[in-house]
Amino acid sequence: MRLLRFRSRMRKMDRMRITVWTRIKQLLLFLYGLCIRVKLVGNTRLVVPLQRSFIVAANHLNGADSVVLQVALRTRLFFATSRKWFLGRFSRFVLWHICDGIPVEPGDALGSVSGLRHCISTLQAGGSIGIYPEGEFNKGGRLTHLYDGTAYLAARTGTPILPVYIRNLRLRTRIIDTNRSIESWTGFLSVAENLFNTNLEIVVGEPIVPSGAPVNNPAQLRDEISRINAELQKSFDRLAAFRN
């Protein structure tokens with residue numbers, strides 16, 4: 001019931017995301033950026049802040065990823081975030097208002113309809129989306145599976161995907177309980193753990209551009225999603241193996 005009430009308030013709360021909460025987020029990112037050092041390598045032709053709308057697809061190491069990405073790219077990203085993190089009152093408030101989180105259900109298209117629509121409207125309005133294609137933490141290096149959400153958003157909106165690979169994040173913080181409120185706190189702890197980390201590195205890949213105009217035909221959409229996913233997997237493999 002809490003999630004139903006939360007979804008019913010999404011439009012009303014959205015107006016707040018571009019006022020005082022956005023300014024608070026910008027201030028926090030600025031302060032955090034003063035305490036860390038992030039080196040961009042790979043596609044050095046990339047201009048930051050991003051000059052157009054992108055779907056920024058990244059590997060997911062821990063809760064600090066989203067903060068580090070926005071500091072490095074100097075761009076406001078709305079993150080597609082697993083709905084489970086919105087269950088706690090405090091974490092829901094922080095994710096929605098300050099972290100620009102959009103609730104989705106990894107691997108469940110029907111359960112993610114409202115979130116995907118919100119992502120699409122954000123992209124169509126010129127914003128950028130951050131997304132973790134695996135839908136879960138991966139500390140092992142190579143991405144082994146990709147959900148269709150990233151490719152779907154690209155195909156439906158004609159927005160290019162910018163694949164990036166995060167390195168040298170401190171990973172001592174572990175999820176120690178199945179209780180969602182405790183899991184949420186581990187996210188904040190991982191952000192604190194990476195304060196003063198001066199070895200962070202983000203490998204930037206070449207953008208993956210959808211074919212032609214936004215796709216609506218179901219058969220064409222399936223084909224385009226398969227093509228984009230194949231390109232995205234190859235791109236992540238190259239980024240993981242990249243060496244200066």
Side-chain angles (χ1 to χ4, degrees), residues 17 20-42 44 46 48-50 54 56-82 84-102 128-141 143 162-205 239-240 242-244:
R17 297 174 64 166
V20 63
W21 304 113
T22 304
R23 296 181 186 276
I24 290 174
K25 176 183 177 180
Q26 291 171 340
L27 175 61
L28 292 174
L29 288 174
F30 172 75
L31 294 175
Y32 198 82
L34 294 178
C35 301
I36 65 173
R37 185 179 303 157
V38 189
K39 182 180 180 181
L40 292 178
V41 298
T44 55
L46 179 74
V48 293
L50 300 180
F54 275 103
V56 178
N59 59 319
H60 199 12
L61 296 169
N62 64 23
D65 295 332
S66 303
V67 178
V68 170
L69 278 175
Q70 291 179 96
V71 169
L73 298 177
R74 290 185 282 159
T75 299
R76 184 185 186 188
L77 297 176
F78 293 82
F79 276 90
T81 307
S82 177
K84 68 180 182 179
W85 303 112
F86 287 82
L87 295 177
R89 181 176 298 178
F90 176 74
S91 60
R92 179 169 67 245
F93 179 88
V94 172
L95 284 170
W96 181 259
H97 285 294
I98 299 177
C99 298
D100 286 328
I102 300 173
S128 291
I129 294 291
I131 194 166
Y132 303 110
E134 282 191 300
E136 60 188 5
F137 295 128
N138 180 344
K139 300 175 183 179
L143 277 68
L162 182 66
V164 298
Y165 192 85
I166 305 170
R167 289 176 170 171
N168 302 332
L169 208 65
R170 294 171 183 158
L171 303 174
R172 289 190 296 270
T173 299
R174 297 287 187 270
I175 293 175
I176 58 175
D177 198 289
T178 56
N179 182 286
R180 296 306 178 202
S181 62
I182 296 178
E183 285 189 350
S184 298
W185 279 110
T186 63
F188 297 116
L189 288 174
S190 64
V191 173
E193 177 187 353
N194 281 279
L195 272 172
F196 310 113
N197 186 344
T198 59
N199 297 313
L200 290 163
E201 189 173 81
I202 293 182
V203 188
V204 183
L239 295 179
F242 181 88
R243 294 292 181 269
N244 282 329

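Just so you know, residue 1 is the first one in the sequence shown, and it goes up from there.
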Open item on the list: By the definition side chain to side chain donor-acceptor pair (under 3.5 Å), identify the one residue from Lys25, Gln26, Arg76 that meets it with Gln70.
Closed with: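 Answer to the side chain to side chain donor-acceptor pair (under 3.5 Å) test with Gln70 among Lys25, Gln26, Arg76: Lys25.
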
Calculate, to the nearest 0.5 Å, the distance between atoms [atom1] and [atom2] belonging to [X] and [Y] respectively.
| X | Y | atom1 | atom2 | answer |
| --- | --- | --- | --- | --- |
| Cys99 | Leu77 | SG | CG | 12.0 Å |
| Glu136 | Leu143 | CD | CG | 9.5 Å |
| Leu95 | Phe93 | CG | CZ | 11.0 Å |
| His97 | Arg92 | NE2 | CZ | 9.5 Å |
| Leu61 | Ser190 | CG | OG | 10.0 Å |

Task: Phe137 ring center near Tyr132 ring center (under 6.0 Å) - done: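 Between Tyr132 and Phe137, which both carry aromatic rings, the centre distance is not below 6.0 Å.
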
Non-neighbouring partners of [X] that pass side-chain contact (heavy atoms from CB on, under 4.5 Å), sequence neighbours left out:
| X | value |
| --- | --- |
| Ala80 | Val104, Cys119, Ile131 |
| Phe242 | Val41, Arg167, Val203, Asn244 |
| Leu40 | Val48, Ala72, Ile202, Val204 |

Do [X] side-chain atoms and [Y] backbone N/O form a donor-acceptor pair below 3.5 Å?
| X | Y | answer |
| --- | --- | --- |
| Glu193 | Arg172 | yes |
| Arg170 | Leu195 | yes |
| Asn59 | Ile166 | yes |

TODO: Applying ring-ring contact (aromatic ring centres under 6.0 Å, His included), name anything that partners Phe90, two or more places apart in sequence or on another chain.
DONE: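 Testing Phe90 for ring-ring contact (aromatic ring centres under 6.0 Å, His included), a comparison that skips the adjacent residues, returns Trp185, Phe188.
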
Open item on the list: For Phe54, give me all partners under ring-ring contact (aromatic ring centres under 6.0 Å, His included), at least two apart in sequence or on another chain.
Closed with: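 Phe54: no ring-ring contact (aromatic ring centres under 6.0 Å, His included) contacts found.
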
With sequence neighbours left out, what residues match [X] under side chain to side chain donor-acceptor pair (under 3.5 Å)?
| X | result |
| --- | --- |
| Thr81 | none |
| Asn138 | Glu134 |
| Asn62 | none |
| Asn199 | none |

- [ ] Sort and list the pairs that fulfil salt bridge (charged side-chain N to carboxylate O under 4.0 Å, His left out) and have at least one residue in residues 56-67, not counting sequence neighbours.
- [x]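 Those involving residues 56-67 do not exist here.
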
TODO: Could you go through the side-chain contact (heavy atoms from CB on, under 4.5 Å) check for Ile36 and Asn194 one step at a time?
DONE: CA-CA 8 Å; Ile36 65 173; Asn194 281 279; 5.5 Å; no

If you define the side chain from C-beta out and look only at heavy atoms, does anything of [X] sit under 4.5 Å from [Y]?
| X | Y | result |
| --- | --- | --- |
| Val56 | Thr75 | no |
| Ile129 | Ile102 | yes |
| Val67 | Leu28 | no |

Task: Where Gly33 and Val71 come nearest, the two heavy atoms and their spacing - done: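 So the two residues come closest at CA-CG1, 3.7 Å.
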
